[in-house]
Each structure stands twice: as structure tokens, then as C-alpha cells.
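Order of listing sets the numbers, starting from 1, for every ligand and every atom in it.
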Amino acid sequence: MCSVVVGLQWGDEGKGKLVDLLAADHHAVVRYNGGANAGHSVVVGGTRYSLHLIPSGILYPGKAAVIGNGVVVDPWKLAEELDGLAAKGVDTSGLVISSRAHAVLQYHKLEDGLREDLLKRVGAERAPSGPDQAQGAVPVSEIGTTRRGIGPAYADKVQRACGVRMSDLSRPEQLREKLALALALKDPMLRVLAPNEPALNLNQMLEQALAIGARLSPMVRDTTQVLHAMLREGKRILFEGANGSLLDVDHGTYPYVTGSTCIASGVGPGTGVPSTRLGRVLGVMKAYSTRVGSGPMPTELKNALGDQIRVKGREFGTTTGRPRRVGWLDLVAVRYSAMINGATGIALTMLDVLAGLDEINVCTGYRVNGQVIKDFPPDAFDLARAEPVYETVRGFTEELGTCRARRELPDGARRYVEFIEREVGVPVDVVSVGPGREQTILG
Ligand code: GDP
Ligand code: IMO
Ligand code: MG
């Protein structure tokens with residue numbers, strides 16, 4: 001059977017560390033969604049690796065690493081990542097890229113940034129005190145994207161015609177057609193939103209895209225067939241979710257989400273391997289909450305305690321370096337994520353970060369219009385109206401970094417794990433007490 005690792009919150013739960021751990025007993029590691037918006041940090045033997053597009057399994061010599069069709073690939077970022085890993089002595093020869101995966105091109109990144117700037121401007125004009133603000137509406141604001149071109153690349157894929165697949169990067173005539181069409185479609189928008197930017201140049205874009213295509217083409221394959229051939233040989237495949245369930249384009253806090261299906265069921269459309277092949281669904285969650293970018297976060301701590309957790313947990317983005325918003329653990333959100341993923345087990349990370357707190361708050365319900373609800377609301381509009389209902393549990397003072405078994409955890413930490421298991425209704429299979437591979441408690 002195959003396994004999948006997914007994030008149960010708003011990303012950065014520690015998926016990279018868990019994928020690295022599980023990769024040991026799988027033959028291949030496969031990304032199925034997202035793009036270079038992801039930042040997965042893995043610490044092996046004291047060296048920190050930051051992976052964005054390449055599956056975390058690449059750190060095992062000889063392991064197959066697959067970028068599935070559901071990923072949007074920035075080919076230049078990918079080349080940069082390959083070079084960075086090679087410089088650290090990592091063997092990347094096991095990497096294959098789906099010919100069906102869409103490429104993120106320069107104009108996608110440009111468009112991402114311009115749309116964000118526009119949303120910010122419009123949002124400021126329509127601020128709550130502004131003349132135009134509709135009664136009761138959640139204010140318009142930028143999404144706070146990574147500006148990596150993710151949304152525009154997925155939009156082009158779904159709008160069809162001008163979507164560029166990895167296979168197109170080595171078909172000069174086909175690529176010219178698609179780029180010419182893309183320019184025709186985007187030019188009016190670019191002229192309005194970026195009148196001072198030089199116009200996109202078809203020949204130059206074509207040349208650059210073909211050059212990077214030539215470099216990557218030896219790795220580009222029909223990965224659906226590659227993966228099914230592995231399955232026929234009885235090989236075990238590990239799927240690596242990117243972003244987090246609450247950033248899922250359908251099931252997350254829309255519109256403050258990313259452009260892809262982040263939850264476990266994204267494996268089917270994102271790789272061609274049917275979800276029925278998934279045996280283990282490991283949901284990764286941290287012992288508190290973080291979020292990068294805009295959108296409601298009911299348990300956010302905008303105070304010194306939030307700052308303290310941010311510093312202790314090194315909560316600064318792997319991709320953009322932005323400080324992450326920090327808050328108490330939100331179990332309404334996690335319960336929902338575990339449900340929509342069909343999580344068979346939980347990996348609880350960052351428990352060590354909470355050491356030193358006398359008391360810990362955990363959100364177990366929301367108050368909406370005076371009523372307590374337990375179900376996670378369907379979008380940002382409803383979530384913005386939810387106030388957290390907390391249960392306060394006893395904390396722990398001891399540092400956890402050297403604990404290697406549940407029984408070695410101090411009472412408060414052990415009870416916290418049990419509290420989560422009870423509230424979510426899913427067993428905690430793994431507790432992580434530090435970034436290192438060895439700082440892990442199994443079972
Ligand atoms: P991902 O995007 O889900 O892979 O998570 P990131 O790599 O963006 O962020 C998680 C960060 O926490 C990384 O810097 C990890 O090295 C680190 N990390 C993972 N697990 C633990 C843990 O249990 N404790 C601590 N202190 N850090 C951890
Ligand atoms: P990993 O895989 C945290 C957030 C962005 C923004 C929103 C949309 O490291 O967990 P996008 O650039 O995707 O259009 O941005 O989603 N976001 C993430 N936040 N971790 C991630 O990935 C994220 N990927 C996207 O901050 O709010
Ligand atoms: Mg991350």
C-alpha cells in the first residue's frame with residue numbers, strides 16, 4: 001500500500017521532516033500539488049535542506065523522486081534547486097518530472113504580483129472606514145501569496161489553450177503557438193496594470209523557455225506510466241502533500257487559499273495513481289497554529305506570547321522569509337482537516353516549542369452569533385465571524401528535545417498529546433520534539 005503525508009493546518013506543519021522519515025521504507029516519493037510556493041525544511045546530520053519543488057525523498061541516495069502532473073513547475077527555480085542540492089553533494093539523478101505538469105513562466109509571476117498589488121490598492125480604498133464598504137462584508141484584501149505565479153499558472157491550465165506543459169518546453173513550434181496566444185491574452189491586462197513594464201517579447205521568451213526545457217528534458221517523462229510500473233512491481237510509493245489542508249482551493253478558507261488540491265484526495269488527479277491505492281494517510285499538525293499571508297485565523301496571538309512562540313519555533317517562512325502568524329492550537333480546524341483527508345494517524349510536531357508555558361489554551365469550539373459550534377465553517381466569510389472557545393490545559397516546563405519515547409515526556413506534554421487524540425479522534429502515531437531526524441517519538 002502507498003502512503004501520503006498531508007498538512008492539517010495552514011502549511012509549514014513539518015511535512016518535510018515527516019516525508020524524510022517515512023521515505024526510508026518507500027521506493028519513491030512523489031509531489032502531487034502546489035509548486036515553488038512550498039518550502040519543506042529537512043535537517044539531516046545537522047545540515048538543513050530547503051526543498052521547494054523537489055520531493056523531500058531526494059535526500060536518500062538512489063530514491064526515485066517524482067514531480068507529478070498536478071504540480072506547477074517553475075523550471076528556472078527547479079534548475080536552481082537542483083544546482084543547490086548538487087553543491088551540497090546530494091545525488092539528484094533519481095528525479096523525474098511529469099510531461100503533463102504545467103510550467104510557471106515569467107508572466108505568471110508578473111501577473112501574481114500585479115494582482116496582489118491591485119488587491120491591496122482596492123482593499124485600502126474600500127477599508128472599513130471608507131465610503132464604499134458594503135455592510136457586513138469581509139474587506140477585500142490581497143491574498144498574501146508567495147508571488148511565485150501559482151494562481152495564474154493553475155488558472156491558465158484550467159482556462160486551457162495557452163497552458164504550457166513541461167512537454168511543450170521541447171516542442172519549439174508548439175511552444176511558439178502557445179506563448180503567442182498567452183501574450184495576446186495577457187497583453188491588455190499587463191498594459192493596464194503595469195504600463196511602465198517593458199512589453200513581453202515573444203522571441204526572447206521562447207528562447208529562454210527552450211533553453212531551460214533543453215536542460216530539464218532528460219528528466220521529463222510520462223510519470224503516470226512510471227508510477228504504475230512501480231505499483232505493478234509491488235513498490236511502495238509515498239506522496240508528499242504541499243501547502244496545507246486549510247489552503248486547499250475547495251476545502252480551505254476560500255478565497256484565502258492556494259490554487260491546488262492540497263488534501264490527500266489530490267493524489268489521484270495530481271499523479272494518475274488512484275486514491276484507492278492509499279493505505280496510510282498521515283496528517284501532520286503542529287502543537288499550535290501558524291499561518292502565512294492573509295485570511296482569518298481565530299486563535300491568532302497578536303501579543304508577546306505570539307512573538308515568543310514565533311522565535312522559539314523559528315516561525316519564519318522557508319520560501320519568502322515572512323514572519324508566520326502564530327496562535328493557539330485550533331482543534332476545530334484540525335478535526336475538520338483530519339475528516340476531509342481521512343487521516344489514519346497524526347504526526348504532532350513542535351511540541352518542544354511549547355515548553356515553559358504554565359498553561360496552554362486549545363480551541364475546541366467557535367462562538368458564532370452567541371452559539372457554540374464545533375464544525376469548521378466553509379469559507380473565510382464565515383470563519384471571520386467565529387470567536388474561539390478555549391479549554392485551558394496544564395503546560396510543562398521541561399525541554400523535550402532529547403525525549404525518544406512517550407514515557408519520557410513530562411506529564412503535561414503527554415496529557416496534551418492524549419487530549420489531541422481524544423478531541424480529533426485519530427491516534428497520534430508520531431511526536432516530533434525538534435527539527436532533527438532523530439528528534440522523533442514513534443508510536
Ligand atoms: P513544511 O512546509 O510542512 O515541510 O514545514 P516547514 O519546513 O516549512 O516548517 C517546519 C519547520 O519546523 C522547519 O524549519 C523544520 O525544520 C522545523 N521542525 C519540524 N519539526 C519540528 C519539531 O518538532 N520541533 C521544532 N522545534 N522544529 C521542527
Ligand atoms: P508548505 O508546503 C504556508 C499560502 C501563502 C498565501 C496563500 C496563497 O511549505 O506548507 P500562493 O503563493 O500559493 O498563491 O499563496 O497560501 N501558502 C503557504 N503557506 N506554507 C506553504 O507551503 C504555503 N503555500 C502557500 O502564504 O497565504
Ligand atoms: Mg513550509
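A salt bridge is defined here as a Lys NZ or Arg NE, NH1 or NH2 lying under 4.0 Å from an Asp or Glu carboxylate O, and Arg280 with Asp429 meets this definition.
Contact annotation for Lys15 and ligand 1: heavy atoms of both the backbone and the side chain come within less than 4.0 Å of the ligand. No part of Arg291 comes within 4.0 Å of ligand 2, judged by heavy-atom distances. Under 4.0 angstrom from ligand 2, there are no non-hydrogen atoms of Arg148.
Less than 4.0 angstrom separates some heavy atom of Lys15 from each of these atoms of ligand 2: 1 (P), 2 (O), 10 (O). Listed by number with element, the atoms of ligand 2 under 4.0 angstrom from any heavy atom of Asp12 are 1 (P), 3 (C), 9 (O), 10 (O), 20 (N). Those atoms of ligand 2 that come under 4.0 Å of a heavy atom in Ala38, given as number and element, are 1 (P), 2 (O), 9 (O), 22 (O). Ligand-side atoms of ligand 1 in range of His40: 1 (P), 2 (O), 4 (O), 7 (O), range being under 4.0 angstrom from any heavy atom. Shown in contact with Lys17 at under 4.0 Å from a heavy atom are these atoms of ligand 1, numbered in order with element: 20 (N). Ligand 1 places these atoms under 4.0 Å from at least one heavy atom of Val353: 26 (N). For ligand 1, the atoms sitting less than 4.0 Å from at least one non-hydrogen atom of Gly16 are 4 (O), numbered in the order shown with element in parentheses. Taking every heavy atom of Gly144 and a limit of under 4.0 angstrom, the matching atoms of ligand 2 come to 5 (C), 6 (C), 26 (O), 27 (O). The atoms of ligand 1 that sit less than 4.0 Å from any heavy atom of Gly14 are 1 (P), 3 (O), 4 (O), 5 (O). Distances below 4.0 Å separate heavy atoms of Glu13 from the following atoms of ligand 1: 3 (O), 5 (O). Set against the non-hydrogen atoms of Trp10, the atoms of ligand 2 under 4.0 Å away are 3 (C), 19 (N).
Arg31 and Thr271 are not linked by any side-chain donor-acceptor pair at a separation below 3.5 angstrom, with hydrogens and angles left out of the test. Lys17 and Thr440 share a donor-acceptor pair across their side chains, judged by distance under 3.5 Å alone. Side-chain contact check for Thr258 and Asn37: at least one donor-acceptor pair (N or O, by modelled atom type) lies under 3.5 Å. In summary, the side chains of Thr223 and Arg221 do not present any donor paired with an acceptor at a separation below 3.5 Å, with no hydrogens or angles considered. Residues Asp156 and His108 bring a donor and an acceptor atom of their side chains to less than 3.5 Å of each other. Using a 3.5 Å distance cut-off with no hydrogens or angles, the side chains of Ser260 and Asn33 do pair a donor with an acceptor.
A heavy-atom separation below 4.0 Å is not found between Gly244 and ligand 2. At least one heavy atom of Arg324 sits less than 4.0 Å from an atom of ligand 1. Ligand 2 lies nowhere less than 4.0 angstrom from a heavy atom belonging to Arg324. No heavy atom of Gly11 sits closer than 4.0 Å to any atom of ligand 1. Residue contacts with ligand 1: Gln439 is excluded, as none of its non-hydrogen atoms falls under 4.0 Å.
Rounding to the nearest 0.5 angstrom, the gap separating the OH atom in Tyr416 from the CG atom in Leu409 is 13.0 Å. Atom CZ of residue Arg406 and atom CG of residue Leu442 lie 11.0 Å apart, to the nearest 0.5 angstrom. The CG atom of Asn69 lies 9.0 Å from the CG atom of Leu227; values are rounded to the nearest 0.5 Å. The distance from atom CZ of Arg310 to atom OH of Tyr288, rounded to the nearest 0.5 Å, is 10.5 Å.
The neighbour count for Arg314 CZ, taken as heavy atoms of other residues, nucleotides or ligands under 6.0 Å away, does not exceed 12. Heavy-atom contacts from other residues, nucleotides or ligands closer than 6.0 Å to NZ of Lys120 number 12 or fewer. Enclosure of atom CG in Asp307 by more than 12 non-hydrogen atoms of other residues, nucleotides or ligands within 6.0 angstrom is indicated.
Nearest-residue assignment for atom 9 (O) of ligand 2 (options Gly39, Gly241, Gly293, Ser260; heavy-atom criterion): Gly39. The option from Val257, Thr146, Asp112 that lies nearest to atom 8 (C) of ligand 2, judged by heavy atoms, is Val257. Residue Val292 holds the heavy atom nearest to atom 27 (O) of ligand 2 of all those in Asn37, Leu247, Val292. For atom 23 (C) of ligand 2, the nearest non-hydrogen atom from the set Asn243, Thr290, Thr320 belongs to Asn243. One option in Asn243, Leu351, Val433, Asp352 has a heavy atom closer to atom 26 (N) of ligand 1 than any other, and that option is Asp352.
Among all non-hydrogen protein atoms, the one lying nearest atom 7 (O) of ligand 1 is Ser41 N, 2.7 Å. Of the protein's heavy atoms, Ser432 OG, 3.5 Å lies nearest to atom 20 (N) of ligand 1. Scanning the protein for heavy atoms near atom 6 (P) of ligand 1, the closest one is Gly39 O, 3.6 Å. In terms of protein heavy atoms, atom 15 (O) of ligand 2 is closest to Thr145 CA, 3.3 Å. In terms of protein heavy-atom proximity, atom 13 (O) of ligand 2 is nearest to Thr258 OG1, 2.6 Å. Counting protein heavy atoms only, atom 12 (O) of ligand 1 is closest to Met350 CE, 2.9 Å. Among all protein heavy atoms, the one lying closest to atom 14 (O) of ligand 1 is Arg48 NH1, 2.8 Å.
With a 4.5 Å cut-off on side-chain heavy atoms, Asp330 and Tyr366 count as touching. Val6 has its side chain out of reach of Leu282: every pair of non-hydrogen atoms, C-beta onward, lies at least 4.5 Å apart. Contact annotation: the side chain of Leu216 approaches that of Met219 to within less than 4.5 Å [non-hydrogen atoms, C-beta and beyond]. Counting only heavy atoms from C-beta outward, the side chains of Gln9 and Ser245 never approach each other to under 4.5 Å. Contact annotation: the side chain of Thr344 never approaches that of Val426 to less than 4.5 Å [non-hydrogen atoms, C-beta and beyond]. Using a 4.5 Å cut-off on side-chain heavy atoms (C-beta onward), Arg236 and Ser3 make contact. With a 4.5 Å cut-off on side-chain heavy atoms, Leu331 and Phe419 count as touching. Two residues are said to be in side-chain contact when any heavy atoms from C-beta on lie closer than 4.5 Å; Asp12 and His40 fail this criterion.
Considering backbone and side-chain N/O atoms, Gly313 never comes within less than 3.5 Å of an N/O atom of ligand 1. The shortest N or O to N or O distance between Arg147 and ligand 2 is not under 3.5 Å.
Of all protein N/O/S atoms, those under 2.8 Å from the Mg ion (ligand 3) are Asp12 OD1, Gly39 O, and waters are not counted.
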